Protein chains: 2
Amino acid sequence: MPKPVVSEAARRRRRPTKNGVVLSEDLIVRTALRMLREHGSAGLTVRRLGIALGADPSTLYRYFAGIDDLTLAIGDMLIGRAMAGWHGTGDWRADLRELGLRIHAAYLEHPQAAVLTANRISGKSHEIAADEAILGLLRGAGFPDREAVRVYHAFIDMTLAFAALDAASLALPEQARRADEEMWQATYARLSPATHPNIAAVAPLLVADMNDSAYPTALDMLLTSAATGLRSHKAC
Amino acid sequence: MPKPVVSEAARRRRRPTKNGVVLSEDLIVRTALRMLREHGSAGLTVRRLGIALGADPSTLYRYFAGIDDLTLAIGDMLIGRAMAGWHGTGDWRADLRELGLRIHAAYLEHPQAAVLTANRISGKSHEIAADEAILGLLRGAGFPDREAVRVYHAFIDMTLAFAALDAASLALPEQARRADEEMWQATYARLSPATHPNIAAVAPLLVADMNDSAYPTALDMLLTSAATGLRSHKAC
DNA sequence: CACCTTATGCCAACACTATTGACCTTTCGT
DNA sequence: ACGAAAGGTCAATAGTGTTGGCATAAGGTG
């Protein structure tokens with residue numbers, strides 16, 4: 001057992017690196033985020049990260065068990081940023097909406113990172129805090145426990161799933177992204193009404209709509225359905 | 001220009017490999033799918049694929065420009081299988097539900113492959129056919145065009161997003177998947193009621209629920225909300 | 001202040017990876 | 001039957017994550 005990873009809290013000595021940098025989990029993750037932004041989602045490598053930090057690549061294994069562990073930490077930091085400074089207002093529906101949009105936005109701010117981490121469960125502190133907040137809103141609103149868990153599950157998975165999907169298209173290389181966006185013009189808008197009557201009928205609407213995220217719409221629909229269910233529950 | 005890739009249609013000579021195997025795009029893609037299933041989503045490497053085919057790894061570059069090109073071809077194949085043999089029944093809500101579940105299921109049948117390709121937009125024929133069918137169902141049900149496009153967009157993106165999310169967790173290496181599944185037991189079920197009252201209160205429900213896909217729930221909520229909107233539209 | 005333990009950074013090495021350019025051999029149209 | 005070139009092979013390059021051993025400085029203890 002050559003390299004035990006010491007938890008950040010239990011870390012006592014802070015020996016500076018050859019170049020004088022003092023490492024920490026937080027610094028490593030923040031640097032990784034910067035590298036992802038600059039070099040794309042395939043540009044995060046242990047070697048490059050080491051160089052960017054001014055430390056030997058192998059040093060990182062004192063902080064993270066492997067690159068997988070590092071990506072989980074990156075994901076947790078994104079959730080942490082989404083939740084930073086959030087406070088509920090008492091209106092469960094507005095609060096949930098705000099929370100979903102915040103998480104979605106936090107991921108889209110770092111699309112290359114989001115692609116790597118959005119579909120992983122980290123179980124780290126920020127993620128747990130978010131889950132606690134969401135469940136609190138639902139139970140506080142009067143959802144019975146079973147229903148609260150159902151809605152919570154749909155809400156959080158939908159939010160992360162959309163974050164990953166939308167991030168993926170933002171993370172494409174400039175050239176590929178433009179090609180995707182112009183697909184709607186080039187392909188869908190030119191289909192014959194004879195073979196594709198429905199697409200042809202709404203083509204202008206499609207072109208206008210498809211390059212925005214559908215998340216806000218889908219989120220509102222989920223919340224509407226939840227509210228409907230809540231009313232019928234209270235009626236009983 | 002050392003290695004021009006010849007399109008499958010224009011391919012004329014079929015020289016057998018040292019081991020006597022005759023290559024083709026189709027054979028390569030099918031073999032890649034098998035390897036993904038057997039060795040996990042990180043187990044598809046040019047070297048291994050070459051060995052599995054009984055050919056030198058570099059031979060594959062005669063068929064695909066790079067590994068990225070190969071994954072696109074794999075994705076193409078999945079999309080083709082998703083819609084095969086579908087027919088509507090006339091009940092728009094049931095039909096949409098069926099369609100969503102089919103697409104979701106088709107991806108989950110090859111989770112390791114889905115992970116690599118799920119957040120790419122193809123714009124190819126099968127995808128167009130699905131879009132036409134969905135828009136037809138919504139417009140046939142009486143949604144005004146603008147509303148039909150909104151619901152269509154939310155529906156298709158949500159379906160693909162969940163397919164990617166759920167495929168990702170199925171595609172994790174056995175060890176990591178068990179770790180993720182046990183996270184709910186190991187981490188969430190042990191949080192103190194003092195610090196995390198809501199999670200603690202519903203912990204057993206979470207453990208029971210979180211390892212299934214939330215897609216059916218989210219899909220039903222989306223359809224419920226759409227149906228509500230449709231009723232109020234018809235009332236006008 | 002000096003000492004000793006040990007946490008932590010560094011180095012070298014390993015077994016991989018994708019990709020490329022040069023070479024050679026088989027295939028097919030003429 | 002011949003010659004062009006498609007297509008398979010080989011060798012090499014530059015990169016990857018990861019690990020074991022070593023050196024050194026930090027910080028508690030006397």
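Just so it is clear, the values below take in all heavy atoms, side chains as well, and ignore hydrogens, waters and symmetry mates. Here is how names work: the chains are called A, B, and so on, in the same order as the sequence lines, proteins then strands, and each is numbered from 1. Since the model is a prediction, treat every value here as computed from it, not as a measurement.
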From CG of A/Asp69 across to P of D/dT18 the rounded distance in Å is 10 Å
By side-chain contact (heavy atoms from CB on, under 4.5 Å), A/Asp76 pairs with (sequence neighbours left out) A/Ser122, A/Lys124, A/Ser125, A/His126, A/Glu127
Mind checking A/Pro16 for me? I need base, sugar-phosphate or nothing, with any heavy atom below 4.0 Å counting as a touch. sugar-phosphate
Protein and nucleotides 11-15 of chain D: nitrogen or oxygen contacts under 3.5 angstrom:
none

Comparing A/Arg48 with A/Ala65, nearest DNA chain D nucleotide closer to 5' gives the residue A/Arg48
Is a donor-acceptor contact shorter than 3.5 angstrom present between the side chain of A/Arg15 and the base of C/dG9?
no
Practice item. Ignoring backbone atoms, test whether A/Tyr61 places a side-chain nitrogen or oxygen under 4.0 Å from the OP1 or OP2 oxygen of C/dG9. Key: no
Can you give me every donor-acceptor pair (side chain of residues 42-49 of chain A, partner residue at least two apart or in another chain, under 3.5 Å) with its distance?
unit_1: A/Thr45; atom_1: OG1; unit_2: A/Arg48; atom_2: N; d: 3.0
unit_1: A/Arg48; atom_1: NE; unit_2: A/Gly43; atom_2: O; d: 3.1
unit_1: A/Arg48; atom_1: NH2; unit_2: A/Gly43; atom_2: O; d: 3.4

Sorted by chain and residue number, the side-chain contact (heavy atoms from CB on, under 4.5 Å) partners of B/Asn198 (sequence neighbours excluded) come out as A/Glu132, A/Leu135, A/Arg139
A/Tyr63 side-chain N/O to C/dG9 phosphate OP1/OP2 under 4.0 Å: yes
Whole-Å distance, B/Ile67 CD1 to D/dT16 P, equals 16 Å
Rounded to whole Å, CG of A/Leu27 lies from C1' of C/dG9 at a distance of 15 Å
note: B/Leu60, atom CG; C/dT20, atom C1'; distance rounded to Å ~ 14 Å
- Side chains of B/Tyr215 and B/Thr159: donor-acceptor distance under 3.5 Å anywhere? yes
Separation of C/dT8 atom P from A/Phe64 atom CZ, nearest Å, is 14 Å
The nucleotide from D/dG8, C/dC10, D/dT18 with an atom nearest the side chain of A/Arg62 is C/dC10
Name each donor-acceptor pair under 3.5 Å that joins a side chain in residues 65-72 of chain B to protein atoms two or more places apart or in another chain, with its distance.
unit_1: B/Asp68; atom_1: OD1; unit_2: B/Arg120; atom_2: NH2; d: 3.0
unit_1: B/Asp69; atom_1: OD2; unit_2: B/Ala65; atom_2: N; d: 3.2
unit_1: B/Thr71; atom_1: OG1; unit_2: B/Asp68; atom_2: O; d: 2.7

Item checked: A/Tyr152 and A/Asp131 side chains, donor-acceptor separation under 3.5 Å -> yes
Check: residues 29-36 of chain A side-chain donor-acceptor pairs under 3.5 Å, at least two apart:
unit_1: A/Arg30; atom_1: NE; unit_2: A/Asp26; atom_2: OD2; d: 2.8
unit_1: A/Arg30; atom_1: NH2; unit_2: A/Asp26; atom_2: OD2; d: 3.3
unit_1: A/Thr31; atom_1: OG1; unit_2: A/Leu27; atom_2: O; d: 2.7

**Prompt:** Does A/Lys18 have a side-chain nitrogen or oxygen under 4.0 Å from the phosphate oxygens OP1 or OP2 of D/dT24?
**Reply:** no
Any side-chain N or O of B/Thr59 under 4.0 Å from OP1/OP2 of D/dG7?
no
